[in-house]
Amino acid sequence: MTELLIGLVATPLTGALVTMLLPRFATSVAIAAGVLTTVAAGTLLYGVGTRGALGYDIGGWTAGLGIALRADGLSALLLMMNALVMLAASVYASAYFSKTAERARFWPLWLLLWTALNALLLSGDLFNLYVTLELLGLSAVALASLGNKTAAVQAALRYLLVGLLGSMLFLAGVSLIYAGYGTLDMASLAHVAQAGPIVWPALALMTVGLLLKTALFPLHFWLPPAHASAPAPVSAVLSALVVKASFYLVLRLWLDVFAEAVTPAAASLLGVLGAGAVLWGSWRALRAERLKLLAAYSTVAQLGYLFLFFPLLQALPPGSARDLAVGGLIILALTHGFAKAGLFLAIGIIQQRSGHDTIRELDGTAQRLPATTFAIALGGVALIGLPPSGTFLGKWHLLVAAFTTGQWWWVVVAVIGSLLAAAYIFRVLGHAFGHRAYPNQPVAIAREEWPALLLGVTAAVLMGLAGAPLWRLLEGGA
Amino acid sequence: MLTAQWLYGMSGCLIAALGLRTALLHACLLHRLIGINLTGAGVFMVLIAVAYRGAGMPPDPVPHALVLTGIVVAVSATALALALARRLTAEQIND
Amino acid sequence: MSDTSLLVLDGLLVISLVTLAWTALAGSDARRSVILFMAFGLVLAAAWVRLLAPDVALAEAAIGAGLAGALLLAAVREQSRQPLPARIVSKRSHNKPGVNIALQWAVSVLCAVLAGTLAWALAHALNSAPQNALPRAVSANLEASGVSNPVTAVLLNFRAYDTLLELAVLLTAVLGIFALGPARPGYQSAGPVFDGLARWLVPVLILTAGYLLWVGAHAPGGAFQAGATLAAASVVLRLAGRHQIGLPQGPALRVVMAAGVGMFVLVGLGLLVAGRPFLGYPPPWAGGLILMIESAATLAIAATLVLAFLGGQPRPLAVRVARGRIAATPIPTGKPVSPEGIRSTEPHAAEACHRIQETQKRC
């Protein structure tokens, strides 16, 4: 069972090598590796659900001397979301990239990105996390530049520089921790690390580095161009998964490894930045002229919601109220992953079929591409937070926690953000259902429309129903 | 506490900050990249200083291995950045 | 050496490091900055020898100063040769000076705060008793690691997983570079002096690489230093205007690129199948397995570093037979340039920076 942990890294990595060596069979090899990885992630989730947290010492060396992989409820859930979104986007990409040369370039990098995501979520070692962050950053940049237009290359270059600065700050923090505690193993650090002159600066440096990669307002400036100019399947995973990976690390460091060192003031600062992200991101999404840019700014806003939880979790005493809030935070993150990936894939279809993604010229899309439009609507339901989406559940627990702790102002932010989200989603749908008449066409669903639809259904319906088992898993595994 | 640790560690902090400043402010990509590389070098200096145990003592090998890894990662990233810049220049001249 | 003379040495090294870093970062002449950056790397390598980190010193000199410097210099040279379209020049600076000065001050203050905080925290860490548990664990398990150089033991046994992912980073970078377009055009044949130099330098570099790989088990050295040295041999051939620089072509090239990660994964999974942990070498075999992984890694590192220097996928070769010897020439796609160009002062050297600056401006 514990071998699954290393299997989740080794499978996509081996897949990457094979697609590189056999470019002619790249697509089938990649899909096979993707299915295997998804099965492994599912089995791991089941294992964590039944047995609790799992660990694996690489090389058989005890953690500290060697590197340990660890999976608890939080990481197993995120691994599962990664696997489902990556698999859906892989199926989509197999139709999106039609030329052999394009595929030969795309698949190895794609599987390396998957390797990096899994390795990051499983790593139990601070320096190893730095290496996984770099692997994630470089593979994401290389994929983003595949758009190959000037705008894509320019955005990728800036993305790379920002990512490098983020990793350097993270590494500086890691060095301080090693200087102070002589270990890089996160489980042992959780026992020994104390609030004080070493942990505070170290945590601050690591957090700033990670926030830069998570694109938390006002460090979000690099995200919209990079996510809006990449190829559609790449945009989907950049927005849904890659930013979420560094967010997961912030969560891990603040709630788990260095929980003792976190002060209410620091948590409130994250909350304020999150509020800024919700308001600014939603506003810019409303003003966007292109669909992809709208989706990218919506990512900035949706990431903001996740940070609103930090001051609330800091104020809640350990107990069931706090566990519920943590569950709400995670369900929000997962739902956004599915919804945003589905949205970007659907936008990609519109862009390919009509040659543009200008919102004002979407008239008639609902008639020509009904399934795609429906996928956008489903994603929209989840982004706004209408029931029965997972977002509704997540925001509900945000409200409960805010009223329990008396911090009602975060509710105001969440309500304004949701109204703005409703406005920008209905603006898109309004154009898509525009008046221009098209002769009736038979309703057909193309292969590349399925992934977007399924992701939309997962976000808008299934995640809302997954609440109860999800909380049980977090309690058992965390 | 050793004087050498202090000297190299503190100048590492200074060099990292100088590099970061250039990486954020300089308009020229090559300078920015040198800045990022020097930020890394400063952090590496901190790590190697931490590993030092005095003239007659064997140093801690773990930070040495970490820095070796860091050097290779840094050069990979620099190479990718330069390739992106090259492509960008070519695109802009073609336009 | 006495304590005082060591202190003087430390002082000199630290002062030159800070000065070199400062001067490399100041100014707008890109070539000057790159050369100062390389000098910084060499002094840093000296400082690391002084701090008893010879493995790191070798890697810094070869990769940090040598190859990174070569990459940056090649970029400067290329930028200063590009014909500059008028449109890019006309795009110059719409910035408001007031905003710029405020931004500069804010960032400078931020960086000063950063330096202060880092130094403050480091002072606290250095003031407390050194943490010796981990180095003790390393030496206690050194016997079982299969090598006697503790740095190699950490890099290829205790923390081998880091190294595996690091090789994946290197591979990712080169795949990303490949996706961006073909390699730079080659160089003209060098004059007799450089050619003669290359003739004896290349075999020496290859021998050194082999030695570093072998010696890494018990003394400073190892796959990364060896790979970088091997890459240097290839770069020297390239600078001498040779078209055959030791890189294989097509599928064989992909095999070499994948060799490092591939061997690691194969060994790791093989051990897993045999009932051992992933990368858990049985002690009697550890030395041999590590050497196997390191040999594959050396080739992969050398190939990827050379490809990074070329800046893209090498152009296909048109092989022709001349005077009974097989000579290969690349299909001409760009104007070849001489390696002397690197050393001679070019008229536009200082302008290179401004050009990249313009290309950056719109991002």
Any side-chain heavy-atom pair of B:Trp6 and C:Asn127 under 4.5 Å: yes

Interatomic spacing from CZ in C:Phe37 to CG in B:Leu33 - rounded to 0.5 Å: 9.5 Å

Residue, of B:Leu25, B:Leu68, B:Val46, B:Val75, that accumulates the most heavy atom pairs under 4.5 Å with chain C: B:Leu25

Among C:Gly64, C:Ser33, C:Gly176, C:Ala308, residue most engaged with chain B (heavy-atom pairs, under 4.5 Å): C:Ser33

Distance (rounded to the nearest 0.5 Å) between B:Leu82 CG and C:Ile177 CD1: 8.5 Å

C:Ala112 versus chain B, the contacting section by heavy-atom distance below 4.5 Å: neither

CD-CG distance between C:Gln104 and B:Leu24, expressed to the nearest 0.5 angstrom: 11.5 Å

Residue selection (most heavy-atom pairs with chain B, distance under 4.5 Å) from C:Asp55, C:Leu110, C:Asn132: C:Asn132

Which portion of C:Leu305 sits near chain B, non-hydrogen atoms under 4.5 angstrom: side chain

Contact summary for B:Arg53 and C:Pro135, nearest pair of heavy atoms: NH2-CG, 4.1 Å

Under 4.5 Å from any heavy atom of chain C - which part of B:Leu20: both

Spatial distance of atom CD (C:Gln225) from atom CD1 (B:Ile71) [nearest 0.5 Å]: 8.5 Å

Note, C:Leu122 side chain near B:Cys13 side chain (heavy atom, < 4.5 Å): yes

Smallest separation among heavy atoms of B:His64 and C:Val151, with atom names: CB-CG2, 3.9 Å

Interface residue of largest heavy-atom contact number with chain C, from B:Leu80, B:Leu14, B:Thr78, B:Val72, under 4.5 Å: B:Val72

Side chain, backbone, both or neither of B:Leu18 within contact of chain C (heavy atoms, under 4.5 Å): both

Min side-chain heavy-atom separation C:Trp48-B:Val67 under 4.5 Å: yes

Proximal component of B:Thr22, with respect to chain C [non-hydrogen, under 4.5 Å]: side chain

Residue C:Trp120 excluded, over 12 heavy atoms near CH2 under 6.0 Å: yes

Side chain / backbone / both / neither for C:Leu114 at chain B, heavy atoms under 4.5 Å: side chain

Heavy-atom proximity to chain C below 4.5 Å, by part of B:Met45: both

Non-hydrogen side-chain atoms of C:Arg50 and B:Tyr52 separated by less than 4.5 Å: yes

Residue pair B:Gly35 / C:Leu25: nearest heavy atoms and the distance that separates them: CA-CD2, 3.7 Å

When B:Ala17, B:Ala4, B:Gly12 are compared by non-hydrogen pairs under 4.5 Å with chain C, the top option: B:Ala17

Side-chain heavy atoms of B:Ile15 within contact of C:Phe40, under 4.5 Å: yes

Heavy-atom pair with the smallest gap, counting every atom of C:Leu44 and B:Ala41: CD2-CB, 4.0 Å

Considering all heavy atoms, the nearest C:Val138-B:Pro61 contact: CG1-CG, 3.8 Å

Gap separating the CG atom of C:Leu180 from the CG atom of B:Leu84, nearest 0.5 angstrom: 5.0 Å

Test item: B:Tyr8 and C:Leu13 side chains (from C-beta on) under 4.5 Å apart, heavy atoms: yes

For C:Leu52 against B:Pro59, the heavy-atom pair lying closest together: O-CG, 3.4 Å

